[in-house]
Number of protein chains: 4
Amino acid sequence: MATPDRKIDLNRLQEVCDEIAEEMMSNDEWGEASGQSKELAEIDTHQFGIAVYTAGDDLIASGKAEERFTIQSISKVFALTLALEAFGEKVWDRVGREPSGDPFNSIIDLERHKGKPRNPFINAGALVTIDLLLSRKGKAESVREFVTRLVGHKVGVNRAVANSSKGGGFGNRAMANLSKFFDNLNHDVDDVMDAYAEQCAVMLSCKELAKAGDYLMVEGADSRSAAERKRAERVRRINSLMLTCGQYDGSGEFAYRVGLPAKSGVGGGILAIAPNTASIAVWSPGLDANGNSLLGTMALARLAEKMDWSIFGSLRRR
Amino acid sequence: MATPDRKIDLNRLQEVCDEIAEEMMSNDEWGEASGQSKELAEIDTHQFGIAVYTAGDDLIASGKAEERFTIQSISKVFALTLALEAFGEKVWDRVGREPSGDPFNSIIDLERHKGKPRNPFINAGALVTIDLLLSRKGKAESVREFVTRLVGHKVGVNRAVANSSKGGGFGNRAMANLSKFFDNLNHDVDDVMDAYAEQCAVMLSCKELAKAGDYLMVEGADSRSAAERKRAERVRRINSLMLTCGQYDGSGEFAYRVGLPAKSGVGGGILAIAPNTASIAVWSPGLDANGNSLLGTMALARLAEKMDWSIFGSLRRR
Amino acid sequence: MATPDRKIDLNRLQEVCDEIAEEMMSNDEWGEASGQSKELAEIDTHQFGIAVYTAGDDLIASGKAEERFTIQSISKVFALTLALEAFGEKVWDRVGREPSGDPFNSIIDLERHKGKPRNPFINAGALVTIDLLLSRKGKAESVREFVTRLVGHKVGVNRAVANSSKGGGFGNRAMANLSKFFDNLNHDVDDVMDAYAEQCAVMLSCKELAKAGDYLMVEGADSRSAAERKRAERVRRINSLMLTCGQYDGSGEFAYRVGLPAKSGVGGGILAIAPNTASIAVWSPGLDANGNSLLGTMALARLAEKMDWSIFGSLRRR
Amino acid sequence: MATPDRKIDLNRLQEVCDEIAEEMMSNDEWGEASGQSKELAEIDTHQFGIAVYTAGDDLIASGKAEERFTIQSISKVFALTLALEAFGEKVWDRVGREPSGDPFNSIIDLERHKGKPRNPFINAGALVTIDLLLSRKGKAESVREFVTRLVGHKVGVNRAVANSSKGGGFGNRAMANLSKFFDNLNHDVDDVMDAYAEQCAVMLSCKELAKAGDYLMVEGADSRSAAERKRAERVRRINSLMLTCGQYDGSGEFAYRVGLPAKSGVGGGILAIAPNTASIAVWSPGLDANGNSLLGTMALARLAEKMDWSIFGSLRRR
């Protein structure tokens, strides 16, 4: 529909990122740290970082863009990518692709739909996605290995966060058991829970996360192979899921205010994609009522507005 | 984010529309006519039309593109536009903007959310939107008058369809009463129901509908006024709602398969927007399980693929 | 199972009623008047009455036992009796007989069960019951006429309460429309609503209500006719429904604390039955969170305890 | 309210039981064996037994009344008795006492009520009850030991059934985890699940079960101690819970048809109580759609009718 906006004015983008970082740090409200684990609860919420990786392979950043945080639910995007690569459209026999209309940890929908989660970005859907990944043959890549490949160097795991999730996580454990009750989980609940805890505890900085999201930009290439084309189509579909389901119960609101496909995590990070143009990572650990980074969301809205990056229409004549 | 694709190859677009029309007419499945009223139930489902109105003001069409049909729920887009013009963001005090996760006529969400509909594109949300429109002062434009202005000539109403909706519509009447119970409907239920029946029964052809959707394209203009800019931003947000909520319970699926903001109606019409590029209308009266035109959805998927019109990323290098 | 306790010590019963009336009037909490209509909201909640009509046809009373109040939902018992007489077990094709587990005005269950109300004592069930009554042929008795016959003299209707229900009642109107949407209401919603408003506004005193409940006592008679036996069996089943469903969402609690079949109304009245033994009416207009008379419930618990009148077992050896 | 019917005609009762056993064995429908475990699924459904233990300590039986079966959910009555003895009314801080309105294994209500089960007779409620029992100090009696004491000799456990429940039971495990998520389960899920599997697998015959239910009859004694009186009141309340919640989603129906407090199990057994009169056990492994013994329910309806044993009113004059 539209030509990639390759000629981004990098000076302007740096300026915009600096303005946003400054504005965010002087904002009155910071949101609440996640109560999901002791490690997350104790973090200083008065922090903000932003990084933009462009289609032209430039990296612009501002604020605490090198501070690492656990990616938490952002890992669901990477897990889904691996599942779609391994199983293609068969993934959708096991998990739906409709927005949920219920808070992210709700088990109600799961029972109503007989153990088939509404989409891969609510927790129940992530557990079934992991169950699929565990079914792959041979030396299949883990989410952590995949992210390592994307970033270009080995990424670490926050062991304390991973372990506290392994021991607890009773809400997720309830959903895993319910999926198993409905025959939609093939592996041991403990194995699925462990893999989930592991991928959620992967640590990335904004700079690393923006780079990891590079593959979601869908860069056009007329000469590409059928396999490459297939991958590009798949990426486009992942973007559509991020748009409709990526921010839990606040996905509609986010699409309305920001207008970009994105996935948030309770660690305070958000990965957003401006198709054909940029992969964006923001981080600020204070959350809003829906569990999304309060300042992160605000910063993305500001960035999209200032750069005229909405998938729902460009305002500027060029 | 992206420059408008103004240089559409019109010959290629005509060719694509013709191919699609032919393919649709020879498809095996046609879906079921809506059972919502006698008038809709008796229609011949073996019909298809498509029309594309471009940013360059060209109109390309194929199939039964001049056959008129009742726009039904597509009218919700026009009603929302009027409500946003009159009340701005205050609209969202009365109706939400999250996908529903429930079938389009579900009353369950309405009670759970104390009479506040999840979004303006489910029936309950449309009723509250109309209630807002009835509160405007003076000679405020009706949906029918608005569409008349957009199309450029007077549009008619299918009286039989409108009347059968006025007498019946017990599901909608239940929702209007429930909203009133929760003090979220100020006017008489009968008045709201009548206005709803009237706007749903507006008759347009694909050519007319595509032209009516012109304003949703968001055409860029650096020199525009503050008011024009505000209107463009508003349009972009309407597009986001069409993307997340426009196809009832099949919105996620539609975004995944087609990748364009769109609104369907049980009359078999769908209006879709390729931002900055084109306004598209398709029509075929047979519906799928979610109440969306079966062939219309298929045709839009094909068009988006062939023209590379997805908001989630362009595949071609240009 | 048990012989009727015909030899009630009437002096003792009078003493118990007096004690209870005194205790209730000096209780600290009175509950809240119903907000359902202006007429109900303005009543002085600091009032209490009790009357017991025995199997031996004696009438014992204390407190404001001659003050009239609108019977409201207690009328559902009389309506169900008439419906069962006219249609027998076919009533259960149209309405269920399971406890609801949801607040009394909930529309959620109604949609989940496709317009078939869970039981005849929630509002939706009462509306369908009335719809059945309106289908009877000829000069069929209205609820008001039935109550007139039971009491032995003409009973009045509180016109102001009836009229305010007719104009409003949007929650009930929503349920009537939803039942009609699912083809489980044959008459005009307005006609059903009017009949409902009328029966709810019937005015009785505790003395009258206790006498009206006489027929629910199931008096044994070996020599009775087949028709009489059938009626006695039917009454027993009405009692079972009062026990499981008679106090809205507080039915389980009421059975646990009081142990008698009973039906409450938002007017503050409760009719309770000690099978083979007594028909009991209490009244106090202050309601608890479930919409049942706060002091009325407390008084019944005290009466059942002092008289050893629980259907779940007699504590005394006799 | 009523004097205990101690002078049961034992010859007549034997006759009635024999008639019922014969009628049941020649019934056309037998229901379906439970699919809950391999052991239950393989049982011959064409079996029936009945036993009645009277207030006068006589035991009448017919059919396969000495065949042992796993008591399954009937154990919930015994567990609740122990919990009420240990914690009194504090039990109700952890579990509700309202009918559920949802199938027995529904997790929806549990989330809506923030981990507090609706009542102690749905599975979620039984798990919380067990959690309470595990909190008792010292050498507290297990359900199995309690039943042993009630029956008068050591009772066994079906090890195969217990083990298959321990390994599986994913639906229950989901509920236990969800209760734990909401801080309404103090012990390890595995420990609670094991105790649950153990009590469900206790094996009793109809004769043994009827005797075990003796204590639920509430035998009156004017001269009894305060402790005995308290126990009798407690038993009465357990009966009320059996009446309103004892047959899962079919409790209202059962109260309507049979009119006695009862608790069923998927092993095909039902324990019913005629207060002050008799403790009744029936068994037939074929289940109806609600998971209650099809013939067992039918047999109890017949027995209650023939003996005039309904808590909702005696038909005979005596």
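A, B, ... follow the sequence lines: proteins, then strands. Residue 1 opens every chain. Scope of the values below: all heavy atoms of this structure, side chains included, with no hydrogens, waters or symmetry mates.
Atom CD1 of C:Ile311 and atom CZ of D:Phe312 lie 4.5 Å apart (nearest 0.5 Å). Put simply, CG on D:Leu315 and CZ on C:Arg229 are 5.0 Å apart, with the number rounded to the nearest 0.5 Å.
Within the 4.5 angstrom heavy-atom criterion, no atom of C:Gln247 approaches chain D.
When all heavy atoms are compared, the tightest approach of C:Asp249 to D:Arg118 is OD1-NH2, 3.4 Å.
A search for salt bridge (Lys or Arg N to Asp or Glu O under 4.0 Å) contacts involving C:Glu29 returns nothing, not counting sequence neighbours. Take D:Leu300 and apply the side-chain contact (heavy atoms from CB on, under 4.5 Å) test, not counting sequence neighbours, and it matches D:Phe254, D:Val258, D:Ile270, D:Ala272, D:Ile280, D:Val282.
The backbone N or O of D:Arg97 lies less than 3.5 Å from no partner atom in the side chain of C:Glu253, so there is not a single donor-acceptor pair.
Comparing D:Ala255, D:Gly252, D:Ser240, D:Gly96 by heavy-atom pairs within less than 4.5 Å of chain C, the highest count is held by D:Ser240. No other option in D:Ser251, D:Pro261, D:Ala304 has as many heavy-atom pairs under 4.5 Å with chain C as D:Ser251.
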